Engineer: 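There's a structure below that I have some questions on.
Throughout, protein chains are lettered first and strands after them, A, B, ... in sequence-line order, and every chain is numbered starting at 1. The structure presented is a predicted model; accordingly, all values stated were derived computationally and were not measured.
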Amino acid sequence: MKEHLNELVMQALLDVRRKAAVELPPEPAFAIDRTKSKEHGDFTTNAAMVLCKALGMKPRDLAAQIVQHLPPSRHIDKVEIAGPGFVNFFLSRSCLYGTLKRVFERGVEYGRSAPVEGERVTVEFVSANPTGPLHVGHGRGAAFGASLASVLEACGIDVQREYYVNDNGRQMDILATSVWLRYLELAGTPVRFPDNAYKGEYVYDIARALKSSAGDRLRRTAHEIGADLPPDESQGGDKEAHIDALISRCKTLLGESDYRQVFDAGLNSILDDIREDLGQFNVRYDTWFSERSLETSGAVKRAVDRLTRLGHMYENKGALWFRATTFGDEKDRVVVRENGQPTYFASDIAYLLNKFERGFSRAIYVFGADHHGYIARLKAAAQGLGLDPSKIEILLVQFAILFRGSERVQMSTRSGQFVTLRELRNEVGADACRFFYVMRSNDQHLDFDLELAKSTSRENPVYYVQYAHARICKVFREAIERGLTHNRAGGDAAKQRLTLEPELDLLGMLQRYPEAVEKAGETRAPHMIANYLRELAAAFHSYYDFKGADTRILNDDDDLRNARMNLALAVRQVLANGLKLIGVNAPEKM
RNA sequence: GGGUCCGUAGCUCAGUUGGAUAGAGCACCUGGCUUCGAACCAGGUGGCCGGGGGUUCGAGUCCCUCCGGGCCCGCCA
């Protein structure tokens, strides 16, 4: 519709230009927008106000000229000039009724756009280190990333959902060491547990599994392990030095193959857990990308070589630096440490390059707000590699703060006192979680009220939307029970019987759905889908309880009933389609 | 100190990339179930869009500045 109106206005402008013999900017930048208020029709354009200066006319005069030259269209009932020079379009009823047909023809596809040629996007989200279970902060990234990916897909974009698995770093070595120490404890050889190691209960679970698969083969004496280690923090030393020494002791004592077994036991166990957790959260990935593979395949070296070749690397104090400041970052960044170990940033660069080598035209990253420092760094890396930085988008998700009623739930990673995503899901349910996480703009802090999310009351927006869907399903069950038939073709033939204001409002809402999806995709704002669904549900509830006239769907008048059942069915379809985008179920009963 | 996100009704937040009279939910007040599910609906109260300056036909939205808050600023991961 927007495109249609755009064309009409364009035609009118060209006509005006010809008649008045005036110049027109090569690409006149006027907008076609939905109106806020019904008094102003359905769509409006600001063309007259934007272009009046260039044409040397008064805005209202130009508006009149545009209206006069507007080609006729069967979709438009009326055109008005209002305010300072808006041209308002009132759509015809038949245009509204046409929406029903489109919804039925497209079904689950309604709201989805045709494939966009040449746009392949990777959306990377969550990518939490596999050193422990996901917590509620990751939950928001998961809900946002998964919803965004679905919305983009609905916009016709070829989307890959990726989880970057940090299976290669020091943190993972700390996990492996933690697992081994717990294993030894279970095997009857308790060894002092470092301050900096992973203390969670889940480490014991992994150690138990390891013990049943490896038996006593990985046992070593406490003396072998503890000999000549630098003191830990609580022993008056440096915790980092202590744990690093312990890691290398662990590697030496176990040998490469056994160390790898312990390491993989931790990695695989936690990764499986994360996979299951996200799966139950209705979040699925196309690719679980191993960081280690970047190193073993030589991708890291190739990326660094490329930066070196292009003259963006230098050596200082034995380390290799990327000259990020050339590209607007606040400081240069170490890529290879003095000890020869590449930093995580080295892998990040390699992964970035890898994404474009795999043929993606755009890379979207979803990060927690605490990682905002990475934006400049990654964009600088992109430029250094010779990539177009505008093809790298980094979207930040602000923190979620849990409330139980008005009480704030305290969390700190340090003390291990964090609420896991699984606990949250178990308490409030996946649907409510997904909806709550995604109903606010990603760059807005989120107050997540557990009591509200759990409540099955009117205050809870999830149930409000789901209830609209269940209500419609109930009407259709009721129809069967009463022996009332639904004839879709009959309803289609009688669609002009839908003349009540709340019915026309609903049709308007249905017509707007594809626009909402498109807007949400363009602005990377899946919360718009949640808002749209609330509005659609509100329009339906309002219709259902309408007091001004008899609006019962299951009417004795066959034509009217069929028409209204069609309308209800279309609403149900769109509710289901929208909920699907944000990963929330559309229940038939509640 | 530098960077970044934010500040809109008592509370939590929308606001269609600069449009017309700033909206919704909760809370509070009033009303609605013998007919499709009241997990619902209808109506009402409630605002210096943090302050100030600028850009223009037009600013909650863009720019500058100040005030207030969250987060970040390692050869950490």
Engineer: Counting the benzene-type ring for Trp, do A:Tyr513 and A:Tyr532 have ring centres under 6.0 Å apart?
Structural biologist: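 Yes, they do, as the ring centres are separated by less than 6.0 Å.
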Engineer: Rounded to the Å, how far apart are A:Leu396 CG and B:U4 P?
Structural biologist: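 So the two atoms are 12 Å apart, to the nearest Å.
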Engineer: In whole Å, what is the span from the CD atom of A:Gln466 to the C1' atom of B:A39?
Structural biologist: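 One finds 11 Å between C1' of B:A39 and CD of A:Gln466, rounded.
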Engineer: Of the options B:C73, B:C75, B:G19, whose atoms approach the side-chain atoms of A:Phe86 most closely?
Structural biologist: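 In terms of side-chain proximity for A:Phe86, the closest of B:C73, B:C75, B:G19 is B:G19.
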Engineer: Could you check whether A:Arg34 gets within reach of a base, just the sugar-phosphate, or nothing at all, counting any heavy atom under 4.0 Å?
Structural biologist: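 Base, at least one base atom sits under 4.0 Å.
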Engineer: Mind running a 4.0 Å heavy-atom check of residues 439-449 of chain A against RNA chain B and sending the residues that fall below it, in number order?
Structural biologist: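 A:Arg440, A:Ser441, A:Asp443, A:Gln444, A:His445, A:Asp447, in order of number.
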Engineer: Nearest whole angstrom, please: distance from the P of B:G74 to the CG of A:Asp329.
Structural biologist: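 Computing the A:Asp329:CG to B:G74:P distance gives 11 Å.
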Engineer: Determine the interatomic distance between P on B:G7 and the same-named atom on B:G51; round to the nearest Å.
Structural biologist: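 These two P atoms come out 13 Å apart once rounded.
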Engineer: What's A:Glu515 touching, base or sugar-phosphate or nothing? Going by heavy atoms closer than 4.0 Å.
Structural biologist: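 No contact.
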Engineer: For A:Lys474 and B:A38, give me the distance from atom NZ to atom C1', rounded to whole Å.
Structural biologist: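 The answer, rounded to whole Å, is 15 Å.
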Engineer: Where the side chain of A:Thr44 is defined as all heavy atoms beyond and including C-beta, which of B:C36, B:C71, B:A20 is the nearest nucleotide?
Structural biologist: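 Looking only at heavy atoms from C-beta outward on A:Thr44, the closest nucleotide is B:A20.
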Engineer: P atom, B:C49 versus B:G43: distance in rounded Å?
Structural biologist: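 Approximately 26 Å lies between the P atom of B:C49 and that of B:G43.
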Engineer: Applying a 4.0 Å non-hydrogen cut-off, can you work out what A:Glu522 is touching in the nucleic acid: base, sugar-phosphate, or nothing?
Structural biologist: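 Base, at least one base heavy atom under 4.0 Å.
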Engineer: For A:Met49 and A:Met528, take the nucleotide of RNA chain B holding the closest heavy atom to each; which residue's nucleotide lies nearer the 5' end?
Structural biologist: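 It is A:Met528, whose closest nucleotide lies nearer the 5' terminus.
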Engineer: Is the phosphate of B:C57 approached by A:Lys53 (side-chain N or O, under 4.0 Å from OP1 or OP2)?
Structural biologist: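 Yes, because at least one side-chain N or O of A:Lys53 sits under 4.0 Å from OP1 or OP2 of B:C57.
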Engineer: If you look at every strand shown and take non-hydrogen atoms under 4.0 Å, does A:Ala82 touch a base, only sugar-phosphate, or nothing?
Structural biologist: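 Base contact.
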Engineer: Return the value, rounded to whole Å, for the distance between atom CD of A:Gln398 and atom C1' of B:C72.
Structural biologist: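 It is 11 Å, rounded to the nearest whole Å.
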Engineer: So A:Phe540 and A:Tyr543, would you call those rings parallel, tilted or perpendicular, with 30° and 60° as cut-offs?
Structural biologist: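 Judged by the thresholds at 30° and 60°, the geometry between A:Phe540 and A:Tyr543 is perpendicular.
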Engineer: State the CZ-NE2 distance between A:Arg323 and A:His312, to the nearest 0.5 angstrom.
Structural biologist: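 Reported to 0.5 Å precision, the distance equals 9.5 Å.
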Engineer: Rounded to whole angstrom, note down the P distance from B:U30 over to B:G69.
Structural biologist: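 Between the two P atoms, the distance is 40 Å.
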Engineer: Can you tell me which nucleotide in B:C57, B:G37, B:U17 comes closest to the side chain of A:Asp33?
Structural biologist: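 From the listed options, B:U17 comes nearest.
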Engineer: Which of these nucleotides, B:G32, B:U16, B:C75, is closest to any side-chain atom of A:Lys547?
Structural biologist: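 Comparing B:G32, B:U16, B:C75 against the side chain of A:Lys547, the answer is B:G32.
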Engineer: Under 4.0 Å between any heavy atoms, over every strand shown, what does A:Asn316 touch: base, sugar-phosphate, or nothing? Just pick one.
Structural biologist: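 If one applies the 4.0 Å heavy-atom cut-off, A:Asn316 turns out to touch a base.
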Engineer: Would B:U55 be called syn or anti, given that syn covers angles within 90° of 0?
Structural biologist: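 Anti conformation here, the glycosidic angle of B:U55 being more than 90° from 0.
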Engineer: Would you say the ring centroid of A:Phe322 lies under 6.0 angstrom from that of A:Tyr314?
Structural biologist: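 Not close enough - the centres of the two rings lie 6.0 Å or further apart.
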Engineer: Give a yes/no answer on whether the side chain of A:Ser542 brings an N or O atom under 4.0 Å of OP1 or OP2 in B:A42.
Structural biologist: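 Checking A:Ser542 against B:A42: at least one side-chain N or O falls below 4.0 Å of OP1 or OP2.
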Engineer: Out of B:A20, B:A39, B:C41, which nucleotide sits closest to the side chain of A:Met590?
Structural biologist: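 Side chain of A:Met590 sits closest to B:A39.
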Engineer: Assign A:Asn88 to base, sugar-phosphate, or nothing according to its heavy-atom contacts below 4.0 angstrom with the strands shown.
Structural biologist: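 Result for A:Asn88 = base.
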Engineer: Please pick, from B:C72, B:G32, B:G19, the nucleotide with the shortest atom-to-atom distance to any side-chain atom of A:Val50.
Structural biologist: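 Selected nucleotide (nearest to the side chain): B:G19.
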Engineer: Both distances below 3.5 Å, Watson-Crick or wobble geometry, any strand: find the nucleotide opposite B:A42.
Structural biologist: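 Its partner is B:U30 (Watson-Crick or G-U wobble, both distances under 3.5 Å).
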Engineer: Could you check which nucleotide pairs with B:C13 in any of the strands shown, counting Watson-Crick or G-U wobble with both distances under 3.5 Å?
Structural biologist: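 Partner of B:C13: B:G23.
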Engineer: Between B:G50 and B:U16, how far is it from one P atom to the other, in whole Å?
Structural biologist: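 About 15 Å, rounded to a whole number of Å.
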Engineer: Could you work out which one of B:G19, B:G37, B:C71 sits closest to the side chain of A:Phe399?
Structural biologist: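 Looking only at heavy atoms from C-beta outward on A:Phe399, the closest nucleotide is B:C71.
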Engineer: Partner of B:G7 by Watson-Crick or G-U wobble geometry, both contacts under 3.5 Å, or none?
Structural biologist: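 Paired with B:G7, as far as the under-3.5 Å criterion goes, is B:C67.
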Engineer: For A:Tyr467 and B:A39, what is the distance between atoms OH and P respectively, to the nearest whole Å?
Structural biologist: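 Atom OH in A:Tyr467 sits about 5 Å away from atom P in B:A39.
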Engineer: Answer yes if the ring centres of A:Phe367 and A:His372 are under 6.0 angstrom apart, and no otherwise.
Structural biologist: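 No, the ring centres sit 6.0 Å or more apart.
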Engineer: In whole angstroms, how far is the P atom of B:U12 from the CZ atom of A:Arg408?
Structural biologist: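 About 12 Å, once rounded to whole Å.
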Engineer: For atom C1', what is the distance between B:G23 and B:A14, given to the nearest Å?
Structural biologist: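 One C1' to the other, the span is 7 Å.
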Engineer: Looking at A:Pro194 and A:Ile243, what are the two nearest heavy atoms and their distance?
Structural biologist: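 The pair with the smallest heavy-atom distance is CB-CD1, 3.9 Å.
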Engineer: Judged by modelled atom types alone, do A:Gln466 and A:Asn585 share a side-chain donor-acceptor pair under 3.5 Å?
Structural biologist: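 Looking only at side-chain atoms, A:Asn585 and A:Gln466 do not form any donor-acceptor pair under 3.5 Å.
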Engineer: Taking 4.0 Å as the cut-off, does a side-chain nitrogen or oxygen of A:Lys36 come that near to OP1 or OP2 on B:A20?
Structural biologist: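 For B:A20, OP1 or OP2 has a side-chain N or O of A:Lys36 closer than 4.0 Å.
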Engineer: Looking only at heavy atoms, which two atoms of A:Tyr464 and A:His541 are closest? And how far apart?
Structural biologist: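 A:Tyr464 and A:His541 have their closest heavy atoms at O-NE2, 3.1 Å.
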Engineer: Give the rounded distance in Å between these two atoms: CG of A:Leu5 and P of B:U16.
Structural biologist: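 So the two atoms are 20 Å apart, to the nearest Å.
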Engineer: Are A:Phe263 and A:Leu175 packed together at the side-chain level, in the sense that at least one heavy-atom pair is separated by less than 4.5 angstrom?
Structural biologist: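 No, their side chains stay 4.5 Å or more apart.
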Engineer: Can you measure from OH (A:Tyr351) to OH (A:Tyr164) and round to the nearest 0.5 angstrom?
Structural biologist: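 So the OH of A:Tyr351 and the OH of A:Tyr164 are separated by 7.5 Å.
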Engineer: Ignoring hydrogens, what is the shortest heavy-atom contact between A:Met49 and A:Pro59? Give both atom names and the distance.
Structural biologist: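 It is CG-CB, 4.1 Å.
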Engineer: Taking only the P atom of each, what is the distance from B:G52 to B:C48 in whole angstrom?
Structural biologist: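 Each nucleotide's P atom is 12 Å from the other's.
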Engineer: In whole Å, what separates the C1' atom of B:A24 from that of B:U8?
Structural biologist: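 It works out to 13 Å between them.
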Engineer: Answer with base, sugar-phosphate or nothing: what part of the nucleic acid does A:His372 contact at a heavy-atom distance below 4.0 Å?
Structural biologist: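 Answer is base: heavy atoms of A:His372 come under 4.0 Å of a base.
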Engineer: Under 4.0 angstrom, heavy atoms only, what part of the nucleic acid is A:Phe476 near: base, sugar-phosphate, or nothing?
Structural biologist: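 If one applies the 4.0 Å heavy-atom cut-off, A:Phe476 turns out to touch nothing in the nucleic acid.
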Engineer: Taking only the side-chain heavy atoms of A:Arg534 (C-beta and beyond), determine which of B:A20, B:U35, B:G25 contains the nearest atom.
Structural biologist: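 Per side-chain heavy atoms of A:Arg534, the pick is B:G25.
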Engineer: Categorize A:Arg333 for me: base, sugar-phosphate, or nothing, with a 4.0 angstrom heavy-atom threshold over every strand shown.
Structural biologist: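 No contact.
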Engineer: What pair of heavy atoms forms the shortest contact from A:Val300 to A:Ala346, and how long is it?
Structural biologist: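 Looking at all heavy atoms of both residues, the closest pair is CG1-CB, 4.0 Å.
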Engineer: From the set B:U16, B:A14, B:C40, return the single nucleotide nearest to any side-chain atom of A:Asp545.
Structural biologist: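 When the side chain of A:Asp545 is considered, B:C40 is the closest of B:U16, B:A14, B:C40.
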Engineer: Should A:Arg471 be listed as having a side-chain N or O under 4.0 Å from OP1 or OP2 of B:A38?
Structural biologist: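 A:Arg471 to B:A38 OP1/OP2: side-chain N or O found under 4.0 Å.
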Engineer: Of the nucleotides B:A20, B:A14, B:C41, which one has an atom closest to the side chain of A:Asn531?
Structural biologist: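 The answer is B:A14, which lies nearest to the side chain.
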Engineer: If you measure from the C1' atom in B:A27 to the same atom in B:A9, how many Å do you get, rounded?
Structural biologist: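 That atom pair is separated by 11 Å.
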Engineer: Decide, applying a 5.5 Å centre-distance limit and a 30° plane-angle limit (both strict), whether A:Tyr464 stacks on B:A39.
Structural biologist: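 Aromatic stack with B:A39 absent for A:Tyr464.
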Engineer: If only side-chain N and O atoms of A:Arg377 are considered, is one of them under 4.0 Å from the OP1 or OP2 phosphate oxygen of B:C73?
Structural biologist: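 Indeed not, no polar side-chain atom of A:Arg377 lies that close.
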Engineer: With both distances kept under 3.5 Å, what pairs with B:G2, Watson-Crick or G-U wobble?
Structural biologist: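 Base partner found: B:C72.
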